[in-house]
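First comes the structure, then the notes that go with it.
So you know, we letter chains A, B, ... as the sequences are listed, proteins then strands, and number each from 1.
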Amino acid sequence: MKFEELSQLFKKLEAISEKTGKVNVLASFIKNIPEDSLREALMLISGSIFYPWEERKLGVGEKLVMRAISIVTGISKEKIEELFVKLGDLGLVAEKLSSEKKQKTIFKKELTVKEVYETFREIGNLEGEGTIDKKVRLLSNLLLHASPLESRYIVRIALEDLKIGVGEGIIIESIASAYSLNPEDVEMLYAVYNDFGEIIYKIRKEGKTVIQNITPLLGKPLRVMLAIKAESITEAFDVVGRPAMIEAKYDGFRVQIHNINGRLELWTRRLENVTKQFPDVISFIEESMTLDKPFIIEAEIVGYDQRNKKYLPFQMISQRIKRKYDIERMVKEIPVEARVFDVVYFDGKSLMNVPFKDRRNLLEKIINPIEGKIQLSEGIITSSDKEAQDFFNEAIERGLEGVMFKNLNAPYHPGRRVGYMVKLKPTKETLDVVIVGAEWGEGKRGGWLTSFTIAVRDEETGELLEIGEVGSGFKEKKENPDDVTFEDMTNMLKNYIIRSEGKRVYISPKVVIEVIYDEIQKSPKYSSGFALRFPRFVRLRPDRSVEDIDTITRVMELYERQKG
DNA sequence: CATGACTGCCC
DNA sequence: ATTCTGC
DNA sequence: GCAGAATGGGCAGTCATG
């Protein structure tokens, strides 16, 4: 299969906004992919090069792509960055420059899907000295032989972001449509195999029989079920029904644990293998559970200080997640506890269609809790707003992140954010800050300032101290008069731009905004020494001037208060 | 050998 | 992670 | 109601650079 054909598909999908339209186009394309390009084509359509269980990564980002474009076109990196700011997308930059390039004596061979995919795998497999130059060379070589349209998508593949409005959901629907299957069945196949090419291959070969008895595969990570967010206890109950299980939400990270005939393996939410990083968790499970029956359970791994029985901040445990060296030392320095909250496979049987309350009951039976090592997540079953409120309040007082509401009768729906699980976090403080910088946006936000550097005031010196950036909470479209759009922000701020530096602009401190956040963190990056966790815009404060914004003293007080 | 830029992935 | 938007 | 695409801080690892 020619890469040109795939590029045309991408172009067509990018131009269609309706989901059903995308599914129709993609379904008919999928039916006709020849078997010898099936896996490669589906990997490229899903915008990835390596499978989630592979340890290799592509290791290509914006900077490396800009270097490659610069080499192929002979245009300076500064000029390319300028175009990037203007167009909001490096794929479009490559396309534009490629079409403007004088077609000299270029020997243009036609690229194939296989060739493109294999080249990217080769790029990802490079390591050691000289790697970056080699990657740039391989990528430029692809671009050299590519048409303008192909260049657009080669660049986006390099960044593993096709921007064609096609995600897992649409690929699943398309496969279902192509082979007249139930989308839920295809979804389950994907949740188990994590490989679109493989499941299409199976469907073609085995027909509808593939959907019989799909069960999780031991040793192969399964996609996990995600929660939606609620703003209040009543809203949470409305989503999951009454009674509901209400559980503590721990500020750690999520793992899926497989017992493969006595051997334990751990995967993260995005299916990265982290078994080596957590030998302590492995031994907790060996201590607490019998391993004679295979299982797949889910847990939150959270930092825990045994001495004062307090949970540690997320930043601590994040030091352990990707660690390859000094693992044993960190096991001692940053102890963790596993809080198990679900089981999806046990003793040869899939539990995905078993109601949550029964899965939870099974967990109670198979885990012997050991304080500070492994326990079930704390929770209550109630229909009462008052009991729910008390449980929530207590969780917050203990420094937990919030609570989860769970539908007692819900099946396990892998890979989706459905209304079976709802998270509820406490309402937060806000800060009034001034905008001192910004960055030009990408993709559909190209041409607007979309991320704003914010600062608080040192009341002693009058100096402004940066405390992070905010780019969430603004509107793209004005629907109500008081909506604040990126366009509003851009118009308001462009007169105050002091200087530009690539995508970044420095702005005279005039515009005051109110931002909300979940937590104040110590920051090595910002001049205030603090940063906001999950910052988002609330509203403009035209009534306030730079002198009225929040101070570093207040930030320090808030930081001390949240430590409890 | 130390440092910084870049990338990928936790939240 | 949060938020907005189109369907 | 959901999927997709924007956007946040900060961690470790890798490679380049000086």
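Looking at heavy-atom distances under 4.0 Å, A:F537 makes no contact with the nucleic acid at all. Counting non-hydrogen atoms under 4.0 angstrom, A:K134 reaches nothing in the nucleic acid. Counting any heavy atom pair closer than 4.0 Å across all strands shown, A:T20 reaches no nucleic acid atom. Using a 4.0 Å heavy-atom distance criterion, A:K135 is classed as making no nucleic acid contact. Residue contacts shown for A:I228 are absent, as no nucleic acid heavy atom lies under 4.0 Å away. Heavy atoms of A:Y517 sit nowhere under 4.0 angstrom from any nucleic acid atom.
Chain A approaches DNA chain C within less than 4.0 angstrom (heavy atoms of the protein), and the contacting nucleotides run 5' to 3' from C:dA1 to C:dC7.
The side chain to side chain donor-acceptor pair (under 3.5 Å) check on A:S28 picks up nothing, with sequence neighbours excluded. Evaluation of the side chain to side chain donor-acceptor pair (under 3.5 Å) rule for A:R242 yields A:D385 as partners, not counting sequence neighbours. With sequence neighbours excluded, the residues satisfying side-chain contact (heavy atoms from CB on, under 4.5 Å) with A:K444 are A:E476. Scored by the ring-ring contact (aromatic ring centres under 6.0 Å, His included) test, A:F10 finds A:Y153 as partners (sequence neighbours excluded). Applying the side-chain contact (heavy atoms from CB on, under 4.5 Å) rule to A:A68 yields the partners A:V136, A:L139, A:S140, A:L143; only residues at least two apart in sequence or on another chain are considered. Legend: residues meeting ring-ring contact (aromatic ring centres under 6.0 Å, His included) with A:Y517, ordered by chain and number and at least two apart, are absent.
Enclosure of atom CZ in A:R56 by more than 12 non-hydrogen atoms of other residues, nucleotides or ligands within 6.0 angstrom is indicated.
Between A:Y526 and D:dG9 there is a side-chain N or O to OP1 or OP2 distance below 4.0 Å. Regarding contacts with the backbone of D:dC11, every side-chain N or O of A:K525 stays at 4.0 angstrom or more from both OP1 and OP2. In this model, the phosphate group of D:dT7 is approached by a side-chain N or O of A:T450 to a distance below 4.0 Å at OP1 or OP2.
Counting only residues at least two apart or on different chains, the ring-ring contact (aromatic ring centres under 6.0 Å, His included) pairs with a member in residues 405-432 of chain A are A:F237-A:F405.
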Task: Base versus backbone protein contacts along nucleotides 4-11 of chain B [heavy-atom cut-off under 4.0 Å; B, S, -] - done: --SSBSBB

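Considering only the side chain of A:E127, D:dC15 comes nearest among D:dA3, D:dG13, D:dC15.
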